[in-house]
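So the structure is just underneath, and the comments pick up after that.
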Amino acid sequence: MHLRFGRNEGTAWDSRFLPRCSKLEVEAIPKEEALVVLPVGAVEQHGPHLPVYTDTLIGEAFLTYAFDELPPNAQIWLLPPLPYGKSSEHLGHPGTISLSAPTLMSVLTDIASSLSRSGFRRLVLFNTHGGNADLLNLMAREIRIAEDMMVFRLDPGALGLGDAWLTEEERKAGIHAGDYETSVVLAVQESWVHRQLAGTELPKFPVIPSLLFRSKAFAWVMDDLSESGIAGDAAAASAEKGRAILELGGIRLAEALLEMQRFDFAAVKTGFQPGQGAAAPAGTEGRRGSP
């Protein structure tokens, strides 16, 4: 396992990076087995202490760790990360570059169509920016319909990472540039982090149990939540914590990718089994609107 992280180093980039292949090598990939991973990140502000490349860098790091956990013969292939996402909630903060929803949808459509024409049947949209999530959920189904591909959606948050290292308050409110993200960036590119500017700003989301109020229950932009661009406790971050998160994340992500590679809809649909049906109550036969 990695003791340090070198960008574009490791199995993911040396032997499973799809663009390194010639067209004949791509043609020879067994398409019915192959799973293609498209990382989707962002270029957007992450407070005064983190690089605007944070989300995309974190995606690269998780995949670097994960691909080193895969069996050597696993037909799982990596595409270049898509560094621009839908970051409209951060527009106005210097360094933020956002695609509009229609533009990002068109880019994803064209990438999927191109993969389909090369014969690939399985695609993972691996997302590391929360602002992309709703759009990617929508696009996964659109690609499934348009290209007849099996399309999967996965965020690192679904892997259950950080619980052992983050405070309860951070797990609830640390949604941007806080302890989690700062720790991971410290682990992979420490020289890009301005430690002296890593502060704490935790939003106070309303607690209304009857409505199950959470951060996604209302539309917000970052200026609604934070003065600094931080929503979390970046001051608590450490490189050691980041490495532990990446090591666990690499193992769990590799397991998830292997499961996606093996998945088939044939295992889901069981076939309709006609039931006997309940007899209608006496006197109701033929009556319109009867139960």
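Along the sequence shown, residues carry numbers from 1.
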Just do the side chain to side chain contact (heavy atoms under 4.5 Å, CB included) check on I251 and E255 with the steps written out, would you?
CA-CA 6 Å; I251 293 169; E255 291 172 351; 3.8 Å; yes
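- The distance from the CD atom of E259 to the CG atom of L154 is 10.5 Å, given to the nearest 0.5 Å.
- Counting heavy atoms from C-beta outward, S226 and P203 have side chains that stay 4.5 Å or more apart.
- Side-chain heavy atoms closer than 4.5 Å link hydrophobic residues (I, L, V, M, F, W, Y) into clusters, and following such links, possibly through other members, connects L138 to L38.
- The minimum heavy-atom distance between L108 and V40, with the atom names listed, is CD2-CG2, 4.4 Å.
- In this structure, S113 contributes its side chain and T109 its backbone to no donor-acceptor pair below 3.5 Å.
- Checked by atom type, the side-chain pair E60/Y65 shows no donor-acceptor distance below 3.5 Å.
- Checked by atom type and distance alone, the side chain of T54 never pairs as donor or acceptor with a backbone atom of L50 at under 3.5 Å.
- Contact check for L78 versus L18: no side-chain heavy atoms found under the 4.5 Å cut-off.
- No side-chain heavy atom of S118 sits under 4.5 Å from any side-chain heavy atom of K23.
- Going from atom NZ of K31 over to atom CZ of F120 covers 5.0 Å, rounded to the nearest 0.5 Å.
- In this structure, V52 is a member of the same hydrophobic cluster as Y84, with clusters built from ILVMFWY side-chain heavy atoms closer than 4.5 Å.
- Side-chain atoms of E25 come within 3.5 Å of backbone N or O of S22 as a donor-acceptor pair.
- By the salt bridge (Lys or Arg N to Asp or Glu O under 4.0 Å) test, D155 pairs with R153, sequence neighbours left out.
- The backbone N or O of A236 sits less than 3.5 Å from a side-chain atom of K241, completing a donor-acceptor pair.
- Between L186 and E240, the closest side-chain pair of non-hydrogen atoms is not below 4.5 Å.
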Candidate pair L82 and V107, rule side chain to side chain contact (heavy atoms under 4.5 Å, CB included), full reasoning
CA-CA 9 Å; L82 184 59; V107 170; 4.1 Å; yes
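- In the hydrophobic clustering of ILVMFWY residues, with side-chain heavy atoms under 4.5 Å counting as a link, L135 and L91 come out apart.
- Between the side chain of T182 and the backbone N or O of G178, at least one donor-acceptor pair lies under 3.5 Å.
- In this structure, G229 and A177 approach most closely via the heavy-atom pair O-CB, 4.2 Å.
- For G232 against L202, the heavy-atom pair with the smallest separation is CA-CD2, 3.5 Å.
- The closest side-chain heavy-atom distance from P71 to L258 is below 4.5 Å.
- The environment of CD in E168 is sparse: at most 12 heavy-atom neighbours from other residues, nucleotides or ligands sit within 6.0 Å.
- R144 pairs by the salt bridge (Lys or Arg N to Asp or Glu O under 4.0 Å) definition with D148, not counting sequence neighbours.
- In terms of heavy-atom proximity, V43 sits nearest to G95 at CG1-O, 3.6 Å.
- The shortest heavy-atom contact between E32 and R122 is O-NE, 3.6 Å.
- Here the CG-CG distance, from L166 to D233, works out to 9.5 Å after rounding to the nearest 0.5 Å.
- For the pair E181 and I58, the minimum side-chain heavy-atom distance is below 4.5 Å.
- The number of heavy-atom neighbours closer than 6.0 Å to CZ of R20, taken from other residues, nucleotides and ligands shown, is above 12.
- Shortest non-hydrogen contact noted between G41 and N132 is O-ND2, 3.0 Å.
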Does the side chain to side chain contact (heavy atoms under 4.5 Å, CB included) test come out yes or no for L125 and F152, once each step is laid out?
CA-CA 6 Å; L125 302 178; F152 306 90; over 6 Å; no
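- Using a 4.5 Å cut-off between side-chain heavy atoms of Ile, Leu, Val, Met, Phe, Trp and Tyr, with links allowed through other members, V124 and V268 fall into the same hydrophobic cluster.
- Counting heavy atoms from C-beta outward, P39 and T128 have side chains that stay 4.5 Å or more apart.
- P48 has its side chain within reach of I230: a pair of non-hydrogen atoms, C-beta onward, lies under 4.5 Å apart.
- Between the side chain of R16 and the backbone N or O of A74 there is at least one donor-acceptor pair closer than 3.5 Å.
- Cluster annotation: L35 is connected to F265 through the hydrophobic network of ILVMFWY side chains, with a link wherever side-chain heavy atoms come within less than 4.5 Å.
- Applying the ring pair (Phe, Tyr, Trp, His ring centres under 6.0 Å) definition to pairs two or more places apart or across chains, those involving residues 154-182 are H46-H176, H90-H176.
- Inspection of the S228 and E201 side chains reveals an N or O donor paired with an N or O acceptor under 3.5 Å.
- Side-chain N or O atoms of S87 include none that pairs as donor or acceptor with a backbone N or O of E44 at under 3.5 Å.
- Using a 4.0 Å cut-off between a side-chain N of Lys or Arg and a carboxylate O of Asp or Glu, E169 and K172 do not qualify as a salt bridge.
- The OG atom of S106 sits 11.0 Å away from the CD1 atom of I111 when rounded to the nearest 0.5 Å.
- Panel note: side chain Q75, backbone I29; no donor-acceptor pair is recorded below 3.5 Å.
- Using modelled atom types, one finds a donor on one side chain and an acceptor on the other under 3.5 Å when comparing T103 with S100.
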Full working for side chain to side chain contact (heavy atoms under 4.5 Å, CB included) between F126 and L79:
CA-CA 11 Å; F126 180 68; L79 290 176; over 6 Å; no
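- For the atom pair C21 SG and W77 CH2, the distance stands at 4.0 Å (nearest 0.5 Å).
- The main-chain N or O of V221 is found under 3.5 Å from a side-chain atom of D224 such that the two form a donor-acceptor pair.
- If you take CE on M139 and CG on L104, they are separated by 8.0 Å, rounding to the nearest 0.5 Å.
- Remark: the backbone N or O of M149 is not paired with any side-chain donor or acceptor of E147 at under 3.5 angstrom.
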